[in-house]
Amino acid sequence: MQPIDPEVQDFLACSMVARVATVSARGRPHLTPLSFVCDGGRIYMITASTVLAPRNVAAHSSVVLLFDAERAPRPDRVLRISGQATLRTDRAARRIMMRRGVPKYYLCASGLLSLLRHIGKLPVWLRAFVRGADSVVVEVVPETAEWLGRPW
């Protein structure tokens with residue numbers, strides 16, 4: 001199955017969190033949950049530059065992403081995508097995150113409620129997403145996609 005298949009794209013549209021599996025420079029595995037958006041056949045995630053995921057991507061660009069389709073009625077499987085990641089700090093990558101991420105995470109009913117509850121953190125969020133202070137965008141070019149059964 002290819003990452004561009006419509007079934008994969010529909011599953012990603014129902015998913016809210018990507019679990020990013022990376023390997024450190026010393027060969028240790030690490031799993032980081034991150035919010036994500038899809039654009040142009042690529043997957044974008046933004047995080048603090050001090051988090052292990054971007055540091056590990058700098059050492060080893062191969063990553064595996066796991067998706068659960070949290071917004072699907074009854075997801076009975078998990079999607080695993082393997083690909084190559086790069087770190088981006090440019091404005092174009094941040095614009096993709098803003099253009100796709102704001103509607104997905106903040107302009108839905110639960111997102112607006114969360115935003116109101118955490119309004120005091122808005123300056124921190126804007127600093128990270130807009131000006132890029134201490135943050136990096138992880139861009140993944142998917143190579144393979146496969147379905148896994150749920151372990152429970």
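Count residues from 1 along the sequence.
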By ring-ring contact (aromatic ring centres under 6.0 Å, His included) - contacts of Y44 (at least two apart): none
Atom pair OG (S135) and CE (M97), whose distance is rounded to the nearest 0.5 Å: 9.5 Å
Residues forming a side-chain contact (heavy atoms from CB on, under 4.5 Å) with V17, sequence neighbours excluded: P33, E70
R71 versus A13, closest heavy-atom pair with distance: NH2-O, 2.7 Å
Pairs flagged by ring-ring contact (aromatic ring centres under 6.0 Å, His included) wherever residues 62-105 is involved - sequence neighbours left out: F36-F67
Spacing of SG belonging to C38 relative to CD1 belonging to I4, to within rounding of 0.5 Å: 13.0 Å
side-chain hydrogen bond (donor to acceptor under 3.5 Å, both in side chains) partners of R80, counting only residues at least two apart: E146
L52 vs T22, side chain to side chain contact (heavy atoms under 4.5 Å, CB included): CA-CA, chis, key distance, verdict: CA-CA 9 Å; L52 278 177; T22 58; 5.8 Å; no
Residues which pass side-chain contact (heavy atoms from CB on, under 4.5 Å) with L87, listed by chain and number, not counting sequence neighbours: P54, V57, A58, V136, V138
Sequence-distant partners of T86, side-chain contact (heavy atoms from CB on, under 4.5 Å), two or more places apart: R88, E139
From N56 atom CG to L31 atom CG, the distance as rounded to the nearest 0.5 Å: 11.0 Å
Worked check of side chain to side chain contact (heavy atoms under 4.5 Å, CB included) between V140 and M45: CA-CA 8 Å; V140 177; M45 300 157 285; 3.6 Å; yes
L79 and L12: CA distance, side-chain angles, deciding distance, side chain to side chain contact (heavy atoms under 4.5 Å, CB included) verdict: CA-CA 8 Å; L79 176 63; L12 290 173; 3.9 Å; yes
Sequence-distant partners of S61, side-chain hydrogen bond (donor to acceptor under 3.5 Å, both in side chains), two or more places apart: Q84
Single-linkage hydrophobic cluster, 4.5 Å side-chain cutoff, V23 and I81 together: no
Between OG on residue S35 and CE on residue M16, distance to nearest 0.5 Å: 8.5 Å
Residue pairs passing the salt bridge (charged side-chain N to carboxylate O under 4.0 Å, His left out) test where at least one lies in residues 55-67, sequence neighbours excluded: none
Side-chain (D5) to main-chain (Q2) donor-acceptor, under 3.5 angstrom: yes
Set of salt bridge (charged side-chain N to carboxylate O under 4.0 Å, His left out) partners for R100, sequence neighbours left out: D39
Any residue meeting side-chain hydrogen bond (donor to acceptor under 3.5 Å, both in side chains) with H30, in chain and number order, not counting sequence neighbours: T32
All side-chain contact (heavy atoms from CB on, under 4.5 Å) counterparts of A48, not counting sequence neighbours: T50, V51
Expected output: side-chain R19 to main-chain V64 donor-acceptor under 3.5 Å: no
Rounded distance (nearest 0.5 Å) linking atom CD1 of I96 with atom CD1 of I43: 12.5 Å
For the student: nearest non-hydrogen atoms of P3 and V8, plus distance: O-CG1, 3.4 Å
Closest non-hydrogen atom pair, A59 against S24: CB-C, 4.4 Å
Side chain to side chain contact (heavy atoms under 4.5 Å, CB included) between L148 and L66, intermediate numbers included: CA-CA 9 Å; L148 306 173; L66 296 174; 4.2 Å; yes
